[in-house]
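All remarks here apply to the structure that follows.
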Amino acid sequence: MSENKFKPFVAPEMTMKELTLKSILLGCIAGVIFGAATVYLALKAGLTVSASIPIAVIAITLGRRFFKTTILENNIIQTTGSAGESIAAGVVFTLPGFLFLSEGSGGESFFDYMTILILAIFGGILGTLMMIPLRRSLIVKEHDTLPYPEGTACGSVLKAGEKGGEFAKTAFLGLGFALAYALLQKVLHVIAEVPTFMTRQANKIFPSAKISGEITPEYLGVGYIIGPRIAGVLVAGGVLAWLCLIPLLASLIPGEVIATQLVKLGLLASLETSGGSGAWDPVTRTFSDYSAAIYQAYVKQIGAGAVAAGGFITLLKTIPTIISSFKDSMGSLKEKGGTTAVPRTEKDISFKFVIVGSIVLVLLMAFLPQLPGGSIGNKLLIGLLVVIFGAFFVTVSSRIVGLIGSSNNPISGMTIATIMGTCLIFIAIGWTGKTYEPMALVVGGMICIAAANAGATSQDLKSGYIVGATPRNQQIALFAGAIVSSLVIGWTVHILDTPTAEMASRGIQHAIGTEAYPAPQGTLMATLIKGILSFNLDWQFVLVGVFIAITLELCGVKSLSFAVGAYLPLSTTLPIFIGGAIRGLVEWKQKRSGVKLTAEEEELGKGNLFATGLVAGGAVAGVIVAVLSVNENVASGLAKVNAEHGLSAIMGGGGYQLLGVLFFAIMGYTLYRIGRQKQESMDKL
């Protein structure tokens, strides 16, 4: 087997320091930073970027330079820190759904810090627990067949870091660039945030067509990292929604009919009340922004149907992998170990701990009052479903990321399948209606968090195997990272959900769900739960989305990325596409020059590292500004340094927006130039 052909790098005995206080603390700090950044990015765009490589780069640079850390300590820093990003993704993809459940379900009351904290910790622990018995079969025995690309790359970075930390300079350059850009954009408002061009509703040729872009560093960086193919498919969905469906519906549907649909969805109080999506005017019976009104009334539901179908189709495609991996993994658990001493590099936490931990998790879910459920019996069922679905989808998640990487992990599809399965079980035992909606979301939320964390954990264990780490120490570090990161993830969600003074003046109680933080996956999960348990779903719009996804699959296009693009505002996907186009141009130039890079070299190229810095810097700056804006005194102080009105008075509204586009173009050109630079070979570091 592969374990006989592969001998992992093992650090010399004098550098065997591994699970130390400084490695845990530095890892927790990294997890907190990247977890908060992921919350911000996922709420705004429904996307995440794997943080394993940048955390490894930071660990090497800061750890070695200031704290004299060993390679094994650096591995613990990276392992601990990665938990924050994965758990944050699972939280944001599901738990905001509490806000969008049926009125009277009590869902909104569970969207508080303690409930989010508990579910984040439990989901993170579940993902790590279930990976403990799978490590030897998936990471060790299948070393040759399951590459775990991010984990292998991190292992290479950690080994290269023993001779230098050159990689980090480019990442920190991107971080500094993003922070300076964010200062000009989010604090001083020299750079417009969302330049927009929209045709009027009265335009008989192309009414209410809108082109806009939220020109931020994080979106440009995300686009570069995911590449031109995925970025192109993503923006194609936005083009269909905002430049095809919305102008078409604007031509056919009267404003009063649109307003009636918004009232039905709870997005407008009544036809006689002003406001709501698109700013309805009850006197003139018109909207000031028809594109926003139509998007909320119809297109968002079409997009939800497409995302649900795309996620489910993605999951169906992996059924052969799911079956084989689950059978192989369960079979490996039956193997009996010998009586010989276990080497340090093969020591895992005991399987008994997994069993006891799972039982304790179920009992805690049954008795904690912060979780939904009318009785202990109801909560026990929820806990059992979580453990059963968790054991299955953790195995699936680990196997899939081992083949295609964490960025392609179909977590949304697994969550959709979990929610549908949970709802059908509820219906079978007579649990229908609004009361059970929060309970179904808890199951889906914990599985989403567990599956996301399991994928990241698998990559970490692969890195550890490559550098000769102690698995038990890594697993302890993952538990620590999950708990500490969850403390800040819940707080970040709470802060970002707090409406600004301007939002509060319009009667908005939650910033999540607005244009600022649309939380697309959370909205989708709530829509599915409400529709299945209450037998009340606008199937005519949802099915349009379903068949759009099917059409794309028949054309050979992966429908999930397209569906997410159709669901999100074009202002989100357009700057991401520009980042992807820059990556495409860089690769085209390299190809013409005869430069051939391995997948690992591309991951560690200067363009990717600079883009990672843009993502981290832009997202962290967004969180900081959101935190500061909650305080009225600070918010009023920031308003005094706002240059938007002065620049608009001098340049005009259009000139001010063009100035922002110019700054974005300069950032894009900088990314292109850095992407064209050659990275020093890892072998020379």
Side-chain angles (χ1 to χ4, degrees), residues 90-91 93-111 115 119 122-123 126 265 301 304-316 319 322 362 365-366 371-375 377-393 396 410-451 519-543 545-546 549 563:
V91 167
F93 283 178
T94 52
L95 300 190
F98 280 126
L99 295 175
F100 313 124
L101 296 176
S102 301
E103 187 176 348
S105 66
E108 188 174 337
S109 65
F110 293 107
F111 194 70
T115 303
L119 293 176
F122 284 6
L126 179 67
L265 295 174
Q301 294 190 76
V307 172
F312 199 68
I313 290 170
T314 304
L315 188 64
L316 288 177
I319 281 180
I322 291 172
V362 172
M365 290 187 67
L371 302 184
S375 66
N378 290 359
K379 292 183 178 183
L380 278 173
L381 177 60
I382 294 176
L384 289 172
L385 289 175
V386 163
V387 171
I388 293 169
F389 280 122
F392 182 74
F393 283 120
V396 172
I411 295 172
S412 294
M414 298 180 202
T415 309
I416 290 168
T418 298
I419 284 176
M420 293 179 68
T422 301
C423 289
L424 291 175
I425 291 171
F426 283 7
I427 291 171
I429 60 178
W431 291 4
T432 59
K434 301 176 181 179
T435 308
Y436 301 100
E437 291 176 4
M439 297 166 61
L441 185 62
V442 165
V443 179
M446 282 193 61
I447 298 309
C448 187
I449 297 166
Q521 283 91 346
T523 309
L524 168 64
M525 302 309 167
T527 300
L528 286 174
I529 292 170
K530 287 190 296 183
I532 296 173
L533 289 182
S534 300
F535 307 101
N536 181 25
L537 195 63
D538 283 329
W539 286 106
Q540 66 271 39
F541 306 123
V542 172
L543 287 175
V546 169

For this session: For the pair T115 (side chain) and F111 (backbone), establish whether a donor and an acceptor sit closer than 3.5 Å, ignoring hydrogens and angles.
Result: no

Seminar exercise, completed: For G106 and S109, the nearest pair of non-hydrogen atoms, with its separation, is O-OG, 2.5 Å

Review item, side-chain donor-acceptor pairs of residues 423-436, under 3.5 Å, at least two apart:
from	atom 1	to	atom 2	distance (Å)
K434	NZ	E103	O	3.2

Problem set entry | Which atom of N378 lies closest to which atom of M439, heavy atoms considered | CB-CE, 3.7 Å

For this session: Can you spot which of T415, I416, I419 makes a side-chain contact (heavy atoms from CB on, under 4.5 Å) with L524?
Result: I416

Exercise. Side chain to side chain contact (heavy atoms under 4.5 Å, CB included) between I447 and T94: does it pass, once the steps are laid out?
Worked result: CA-CA 10 Å; I447 298 309; T94 52; over 6 Å; no

Exercise. Between F110 and L441, does a side chain to side chain contact (heavy atoms under 4.5 Å, CB included) hold up when you go through it step by step?
Worked result: CA-CA 11 Å; F110 293 107; L441 185 62; over 6 Å; no

Problem set entry | M525 to F93 - nearest heavy-atom pair and separation | CG-O, 3.8 Å

For this session: Provide the closest heavy-atom pair for A366 versus K379 in the form atom of the first, atom of the second, distance.
Result: O-CD, 3.2 Å

Let me check something: any side-chain donor-acceptor pairs from residues 380-387 under 3.5 Å, sequence neighbours excluded? List them with distances.
none

For this session: Starting from the C-alpha separation in whole Å, work towards a yes-or-no answer on side chain to side chain contact (heavy atoms under 4.5 Å, CB included) for T527 and Q301.
Result: CA-CA 9 Å; T527 300; Q301 294 190 76; 5.7 Å; no

Exercise. After noting the C-alpha distance and the side-chain angles of V442 and L119, does the key distance pass the side chain to side chain contact (heavy atoms under 4.5 Å, CB included) rule?
Worked result: CA-CA 8 Å; V442 165; L119 293 176; 3.9 Å; yes

